[in-house]
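First up is the structure itself, then whatever we jot down about it.
Throughout, protein chains are lettered first and strands after them, A, B, ... in sequence-line order, and every chain is numbered starting at 1.
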There are 2 protein chains.
Amino acid sequence: MPLVKGRMPNRERILDVALELFNDVGTGPVSTNHIAAGAAISPGNLYYHFRNKEQIIQTLFEGLFEKYERVFVLPERRAPSLADLRQLVRLNFDLLWEYRFAYRELAALLRRDEILRERWLEVRRRGYIGFRYLIAAFVTAGVIAIPANDAVIDRLADLCWLISEFWLPNLEINGQSIDATQLDRGVVLMLQVLNPNLEPAQLSEERPL
Amino acid sequence: MPLVKGRMPNRERILDVALELFNDVGTGPVSTNHIAAGAAISPGNLYYHFRNKEQIIQTLFEGLFEKYERVFVLPERRAPSLADLRQLVRLNFDLLWEYRFAYRELAALLRRDEILRERWLEVRRRGYIGFRYLIAAFVTAGVIAIPANDAVIDRLADLCWLISEFWLPNLEINGQSIDATQLDRGVVLMLQVLNPNLEPAQLSEERPL
DNA sequence: GTCTATATCGCGATAGAC
DNA sequence: GTCTATCGCGATATAGAC
């Protein structure tokens, strides 16, 4: 049964349908035949556009990478604020959700596909450097209220990174709903890490940071 | 090619081989034929012991659950120390490593298999309650140096739980080696969360906690 | 409990016409 | 670019002998 409605080049339809199917049931059970059927084209046609399923997955990841790099833009010519962090994390959660098949199977996919692994490490390295820089900037801007040498900054960056990458998977694994409220709990955790001495009320959404 | 050496009931050999293969290449590419071959029995024989691959996975998870519950034992008749926490986290990491196929595909597996999902939630719920209790005990014991009402304790528990569940996957995803040193970085992150005002040196291994 | 044999199925991939 | 047709393979699962 076709899954796509609008007019679109077949190559993109394939990617579109594949993403939807992967998100729905995972990459394993979805065959190239399923994808072709969903895109309302013949199996042979699919193989004109892609060598195999692996390449479709790689291409989807490239889309993820592209959007991902657009999330990690730091403000120019002014010190970053916690509001920037909150915004960044939220955008990141949106992206994780859009490509949820990817994080659900990430370790397994990277393990199986060397090309994908290399690309992932490359993108992630750049992202982490920017992120680490953001945390360091908080310290110099005085936004963070704990004694911070380089080792501490490393740890804070690791912690926040861990939350931003795994809070959503954590919610899913534990059967909790994925909505704005639940996602914001992740943001609050991050603020707790950065400002552990703040009063709880000050961490909530109502008080702009 | 057979994978198992010693004498063992076939049912357990199957589980043993399956775990090894799953850990090695993931559940997807491993067929019941592969498992049977690894266990040096016929494919038909395998189906005498298990209905299908799904049931093998479920059975492996039951083994994980059993060991998992043995990890979460809190000290009786004395206040828990940070050393207890460290010990608990390390045992947990060991377990995650032994069943690494499970966390690599956890979200996907739980999604596909309702029985597994229910069991997971049940076990995890009990584990979390004990863990939350441990953190709360730290507060009353004065081991934790930040103002702690119930909401803060919730957050600390969530943070530490997140680390204990995802630090190892995080290392793997980012291509870092899985050795004692790297795993202990996870423990240090947890201590950073609980005692953010401590001097960094006090968090290191040398200073017993 | 264990084996052999077999039935059925669907997947991945290609060839060749249009 | 897209289709139809098809081949070869391997996976799941069962039947029936031992």
Side-chain angles (χ1 to χ4, degrees), chain A residues 1-61 101 105 108-109 112-116, chain B residues 1-61 101 105 108-109 112-116:
Chain A
M1 214 151 321
L3 287 173
V4 195
K5 31 276 120 190
R7 265 295 135 218
M8 231 184 188
N10 275 342
R11 190 188 142 87
E12 291 178 43
R13 307 244 317 264
I14 292 170
L15 292 172
D16 229 51
V17 170
L19 178 59
E20 183 170 344
L21 291 176
F22 290 163
N23 278 340
D24 205 32
V25 295
T27 60
V30 175
S31 72
T32 49
N33 284 4
H34 292 134
I35 299 173
I41 62 172
S42 70
N45 191 356
L46 183 145
Y47 280 90
Y48 170 80
H49 292 285
F50 296 96
R51 203 185 334 280
N52 49 35
K53 197 168 83 175
E54 192 174 35
Q55 202 188 48
I56 294 178
I57 294 175
Q58 288 169 1
T59 310
L60 284 174
F61 266 86
F101 86 92
E105 308 176 34
L109 290 174
R112 255 173 252 160
D113 184 340
E114 189 175 340
I115 296 178
L116 194 58
Chain B
M1 216 148 323
L3 287 174
V4 195
K5 27 284 119 182
R7 265 297 135 218
M8 229 183 190
N10 276 342
R11 189 188 143 89
E12 291 178 44
R13 306 245 316 266
I14 293 170
L15 291 173
D16 228 51
V17 169
L19 178 59
E20 183 170 342
L21 292 176
F22 290 164
N23 278 340
D24 205 33
V25 295
T27 60
V30 175
S31 72
T32 49
N33 283 5
H34 292 134
I35 299 173
I41 61 171
S42 70
N45 191 355
L46 183 143
Y47 280 90
Y48 170 79
H49 292 284
F50 296 95
R51 205 187 330 281
N52 49 35
K53 197 167 83 176
E54 192 174 35
Q55 202 188 48
I56 295 178
I57 295 175
Q58 287 169 1
T59 310
L60 284 175
F61 266 86
F101 87 92
E105 309 176 33
L109 289 174
R112 254 173 252 162
D113 184 340
E114 188 175 342
I115 295 179
L116 194 58

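Judged by distance alone, with hydrogens and angles left aside, the side-chain atoms of A:Glu54 form no donor-acceptor pair with the main-chain N or O of A:Asp113 at under 3.5 Å. Listed for the B:Gln58 side chain is no donor-acceptor partner under 3.5 Å among the backbone atoms of B:Ile115. At distances below 3.5 Å, not a single donor-acceptor pair connects side-chain atoms of B:Asn33 with backbone N or O atoms of B:Ala36. With hydrogens and angles ignored, the 3.5 Å screen pairs no side-chain donor or acceptor of B:Glu12 with any backbone N or O of B:Met8.
Relative ring orientation between B:Phe61 and B:Phe101 is described as perpendicular, the plane-to-plane angle rising above 60° on a 0-90° scale split at 30° and 60°.
Distance, A:Lys53 NZ to C:dC11 C1': 9 Å, rounded to whole Å. Following rounding to the nearest Å, A:Ile56 (CD1) and C:dC11 (C1') show an atom-to-atom distance of 14 Å. Atom CD1 of A:Ile35 is separated from atom C1' of C:dG12 by 12 Å (rounded to the nearest Å). Between the P atom of C:dT4 and the CG atom of B:Leu46 lies a distance of 14 Å, rounded to the nearest Å. Distance CG (B:Asn33) to P (D:dG10): 10 Å, rounded to an integer number of Å.
Here the CG atom belonging to B:Leu19 is positioned 10.5 Å from the CD1 atom belonging to B:Ile35, to the nearest 0.5 angstrom.
Considering only residues two or more places apart in sequence or on other chains, B:Tyr47 meets the side chain to side chain donor-acceptor pair (under 3.5 Å) condition with B:Thr32.
Comparing D:dA11, C:dC11, D:dT12 against the side chain of A:Ser31 picks out C:dC11 as the nearest.
Contact annotation: A:His34 does not reach the phosphate of C:dG10 (side-chain N/O to OP1 or OP2, under 4.0 Å).
Here the closest non-hydrogen pair linking A:Ile41 and A:Leu46 is CD1-N, 3.9 Å.
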When you compare the protein's N or O atoms with those of nucleotides 1-5 of chain D, which come within less than 3.5 Å of each other, and at what distance?
unit_1 : atom_1 : unit_2  : atom_2 : d
D:dG1  : OP2    : A:Tyr48 : OH     : 3.1
D:dT2  : OP1    : A:Asn10 : ND2    : 2.7
D:dT2  : OP2    : A:Asn10 : ND2    : 3.1
D:dT2  : OP2    : A:His49 : NE2    : 2.9
D:dT2  : O5'    : A:Asn10 : ND2    : 3.3
D:dT2  : O5'    : A:Asn45 : ND2    : 3.1
D:dC3  : OP2    : A:Ser42 : N      : 2.9
D:dC3  : OP2    : A:Ser42 : OG     : 3.0
D:dC3  : OP2    : A:Asn45 : ND2    : 3.0

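Rounded to 10°, the helix from C:dG1-D:dC18 to C:dC18-D:dG1 has 0° between the axis fitted to its first five pairs and the one fitted to its last five.
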